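Since this is a predicted model, take the numbers as computed values, not measurements.
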Amino acid sequence: MRIPTRTLVTACALSVALLAAGCAGAGVKQTRVGDLVFLQAAGERGPGPFTDSAATGPTPSDSPRIGAKVSAGELSAPLRAARTVSGATPGLYRGTPRVARCDAERHIRYLAADPARADAFAGVVGVRRAALPAYLRGLTPVVLGADTRVTNHAYQGRRADDYQAVLQAGTAVLVDDRGLPRVRCACGNPLAPPAPTRGGASARGTPWPGYRPNKVVVVSPAPRAVTSLTLVDAGHRTWTERRVGHDVRRDRVVPPPTRTTTSPSPTTPSPTTRATATPTPTAPTTPADRAPTPTAPSAHVPDTHGTPGAPSASRTSGVPGTPDLPAADGA
């Protein structure tokens, strides 16, 4: 999908809107250093929301535990690179069995009630307005497991204005069948992969506890469409296989995958980035208070029936890898 770009004037105008809406916090600077990437906490609606919130359940107050907390206040930190992780990686997203943290049907009703907003939303995701219900029902409700770079969109003047953002871990989103975040549930905004930055990028806003620029990830599309995603609820030590789509009643609890190490190279985010973190098999680690657990299936992908040149799912004796992400506090 093509990510629209705006002029410097539009970006500056959006910066003012962000300040007025309180999206990035009380200590935001207006000074532009390269491209601005705005910090958006999980519970904030942000500027120009497309709809009322379709998120359900509690909103976490922290990012994953990744070290000492950052003091609240103004943040001015470079974002020169980010780790890239495949959208189909087990454990990239959080989830509780048969609990949807985003109500797709509510979002459909919100858009149906305002044709202008629906048209702007449809233009971003690349479908006709009439096709929006089917499109949204085909997305999967999950919770971000790490602070994640995206292109967000504000509804301004009957159109969608794009801006770069970091969404806090714990944010409820809808993802597509490549594992890419497509809707932010707290505001109904359409999402896209992050755009390339010109002259570097700087984060602006008040950081949440635990925020670290070097822990931000970029989600790259899975090499091909998947039929399910493997989610983690670290608080309950539960792994869930969730089939793609809005219906979570088909969730299936599965054993945890074998622990492996991934080392994605820092890359400059790009809408066409397709790099996938390739796990290197290692011996599984077993906590002292838990007996060894059988291995679990990875995110399912359609069978290629031996099609020459078709990519295959990465497996190690039928066992998927888990990303080397910050420890999650739970879904």
Side-chain angles (χ1 to χ4, degrees), residues 42 60 62-66 82-101 140-149 167-181 210 212 215-223 226-244 248 251-264 275-287 290 292-301 313-331:
D62 295 281
S63 290
R65 295 188 299 270
I66 54 178
R83 294 186 302 157
T84 300
V85 183
S86 170
T89 305
L92 173 61
Y93 297 119
R94 304 186 210 168
T96 300
R98 290 172 291 281
V99 174
R101 290 281 301 278
T140 307
V142 299
V143 174
L144 296 181
D147 297 339
T148 304
R149 274 280 314 271
L167 304 184
Q168 182 189 11
T171 298
V173 297
L174 298 176
V175 301
D176 65 15
D177 60 5
R178 299 294 184 98
L180 291 176
R212 291 290 185 277
K215 296 294 184 180
V216 174
V217 303
V218 168
V219 180
S220 66
V226 300
T227 59
S228 67
L229 299 168
T230 303
L231 315 179
V232 63
D233 182 345
H236 297 87
R237 309 180 82 173
T238 302
W239 290 80
T240 300
E241 182 183 270
R242 176 166 294 174
R243 294 185 65 82
V244 169
V248 300
D251 283 0
R252 185 169 68 94
V253 176
V254 295
T258 298
R259 190 71 181 173
T260 63
T261 302
T262 61
S263 301
T276 303
T278 304
T280 303
T282 61
T285 58
T286 304
R290 181 162 60 88
T293 311
T295 56
S298 64
H300 292 298
V301 296
S314 297
R315 294 216 175 213
T316 306
S317 302
V319 178
T322 54
D324 185 18
L325 297 173
D329 289 329

Rounded to the nearest 0.5 Å, the CG atom of Leu229 sits from the CZ atom of Arg243 at a distance of 11.0 Å

Would you say the side chains of Thr240 and Asp251 form a donor-acceptor pair under 3.5 Å? no

Atom pair OG1/CD of Thr227 and Glu241 - distance to nearest 0.5 Å: 7.5 Å

Nearest non-hydrogen partners of Leu180 and Ser220, listed with the distance: CD2-C, 3.8 Å

What are the two closest non-hydrogen atoms of Val244 and Val226, and how far apart are they? CG2-O, 3.4 Å

Say whether, by atom type as modelled, one donor and one acceptor occur between the side chain of Arg83 and the main chain of Val217 under 3.5 angstrom. no

Between Asp147 (side chain only) and Ala169 (backbone N and O only), is there a donor and an acceptor less than 3.5 Å apart? yes

Heavy-atom pair with the smallest gap, counting every atom of Thr89 and Ser86: OG1-O, 2.8 Å

For a side-chain contact (heavy atoms from CB on, under 4.5 Å) with Trp239, tell me which candidate from Val253, Val232, Asp233 qualifies. Val232

Taking all non-hydrogen atoms of both residues into account, name the closest pair between Pro141 and Ala100 and its distance. CG-CB, 3.9 Å

Enter the distance from Thr238:OG1 to Arg94:CZ here, rounded to the nearest 0.5 Å. 13.5 Å

For Pro181 versus Leu144, what's the shortest heavy-atom pair and its separation? CG-CD2, 4.5 Å

Short question: side chain of Tyr93, backbone of Gly179 - any donor-acceptor pair under 3.5 Å? yes

Nearest 0.5 Å, please: how far is OG1 in Thr230 from CZ in Arg242? 11.0 Å

Testing the basics here: between Ala172 and Arg101, what is the closest heavy-atom pair and its distance to 0.1 Å? CB-O, 3.6 Å

